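Within every chain, numbering begins at 1; the chains are lettered A, B, ... in the order of the sequence lines, protein sequences first and strands thereafter. When reading the values below, keep in mind they use all heavy atoms of this one structure, side chains included, and skip hydrogens, waters and symmetry mates. As the structure is a computational prediction, the values presented were derived from the model and not from experiment.
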Protein chains: 2
Amino acid sequence: MALEHAILVSLLEKPGSGYELARRFERSIGYFWTATHQQIYRVLKRMESEGLLAVRELSQQSRPDKKEYSVVGPGRAALSQWLHESIQPESMRHELAVKIRGAAFDDPSVLIREVERHRQVHIDRLAHYLAGELRDFTGPAAPTPLDTGQELQHVVLRGGIAYERMTIAWLDDVLATLRRLGTSPPHA
Amino acid sequence: MALEHAILVSLLEKPGSGYELARRFERSIGYFWTATHQQIYRVLKRMESEGLLAVRELSQQSRPDKKEYSVVGPGRAALSQWLHESIQPESMRHELAVKIRGAAFDDPSVLIREVERHRQVHIDRLAHYLAGELRDFTGPAAPTPLDTGQELQHVVLRGGIAYERMTIAWLDDVLATLRRLGTSPPHA
DNA sequence: CTTGGCTATGCAACGAGTTGCATATGAGGA
DNA sequence: TCCTCATATGCAACTCGTTGCATAGCCAAG
């Protein structure tokens, strides 16, 4: 049910429509929790029927109407309760690592392009995070001092930055290893 | 379908039963891909019916019979084909980060114990990985030189080690931030 | 005036993953 | 004898998540 909680957090930070939430899940919240618009619409509907959210239909000019959701009392209570529960530490889901081990049973060098591609994606994400950090937290236009919400958003963003840096360094290690093995014969 | 591929890799490394695979998914392979035994049994059955795996029923003394699975031609081909396809870079799923941002709407200090608990889990995992590295790759009892499969297993393990170290450092940052905010009033 | 793009919401079908339960063998300890 | 533990496999029901498709309004470009 973590999507439910991610939605509560996002709507507490700022009310919005399903469509707007879907876009937030492509950046910001989406850095550490993903969801497609279909999933979001479905869960929003369920949460509204459970009384966690309130809806307001807004007519808009030059675009379709939208439904703006906001968190109401029971939703806030549900989030608060969840914060007091303990969750189990993340289990990894690293498909590329599966591929790398699998490469032992084929030609490891076929993975070089793939790993290079992933590396570039992580370099782009890092640049994106760093730009966001400068804009919102450490640059001249950032508010000082930061409030609690901003401090917490910043520490989460620092986690994302650390993750991307670590990943890029590891992919460099992977590439060096694949290139070193390049001339070796494939394993039985 | 990544579970399918993780199973192919694991069974190519060494044939085994569903039960044995389930235990491998608690260590080794499980460091970067998780699965429960129910899922594994179900997928094994499907893969066998699709001709990717062969089964051998083994009678055992002093324990129940088991079914030993191994990869056959088409399974190997399926893995090889997957290695040549490209996958999309991982999307994050970091529930703790959602909680941290959510803490802005409650008392941030309630998370301190939770974060400390996660930190300890990652310290334990790091110690476990380092012990495995010493045993299998860098210690005096490790084979020299390593073959291709071992080199690739090692580079994946180095990724796990880097991940745990990064995570521990980040959780220290999170704890320092939570403690600093400890005396502040909760956000609106 | 048609096409493509952005906003905005949604259904239907499927596949992936979790939780709870059920069953059975045999070892070792209370 | 009974209980628990480790081995070993599995069903049923459910939730979560993805993919493909559909609809609809309005704008701007060609």
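- Looking at B:Asp172, B:Asp124, B:Asp173 one by one, the single match for salt bridge (charged side-chain N to carboxylate O under 4.0 Å, His left out) with B:Arg119 turns out to be B:Asp172.
- A salt bridge is defined here as a Lys NZ or Arg NE, NH1 or NH2 lying under 4.0 Å from an Asp or Glu carboxylate O, and B:Lys67 with B:Glu48 fails to meet this definition.
- The CG atom of A:Leu44 sits 9 Å away from the P atom of C:dT9 (whole-angstrom rounding).
- Between A:Lys66 atom NZ and C:dC6 atom P there is a gap of 18 Å when expressed in whole angstrom units.
- In this structure, CG of B:Leu58 is placed 16 Å from P of D:dT7, rounded to the nearest angstrom.
- Between A:Lys14 and A:Glu20 there is no salt bridge, since none of the side-chain N atoms of the basic residue sits less than 4.0 Å from a carboxylate O of the acidic one.
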Checklist outcome for this item: Given protein heavy atoms under 4.0 Å, the one-letter contact record of nucleotides 10-20 of chain D, with B base, S sugar-phosphate only and - none, is simply BB-B--SBBBB
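- If you check C:dT9, D:dT9, D:dA24 against the side chain of B:Ser17, the one that comes closest is D:dT9.
- You'll find the ring centres of B:His94 and B:Trp170 inside the 6.0 Å limit.
- Checked against side chain to side chain donor-acceptor pair (under 3.5 Å), A:Glu85 has the following partners two or more places apart in sequence or in another chain: A:Gln81.
- Crowding of A:Arg56 atom CZ: a count of heavy atoms from other residues, nucleotides or ligands under 6.0 Å not exceeding 12.
- Formation of a donor-acceptor pair under 3.5 Å by the B:Arg165 side chain with backbone atoms of B:Leu126 is not found in this model.
- The number of heavy atoms from other shown groups lying within 6.0 Å of CZ (A:Arg46) is above 12.
- Taking atom CZ of residue B:Arg63 and atom P of nucleotide D:dC5, one finds them 18 Å apart after rounding to whole Å.
- Proximity of B:Glu133 to B:Tyr129: side-chain heavy atoms (C-beta onward) are nowhere separated by under 4.5 Å.
- Note on A:Tyr19: every side-chain N or O is 4.0 Å or more away from OP1 and OP2 of C:dT9.
- Not one side-chain nitrogen or oxygen of B:Gln60 sits closer than 4.0 Å to the OP1 or OP2 atom of D:dT7.
- A heavy atom closer than 4.0 Å to some atom of DNA chain C occurs in no member of residues 20-29 of chain B.
- A:Ile40 places its CD1 atom 14 Å from the P atom of C:dA8, with the value rounded to the nearest Å.
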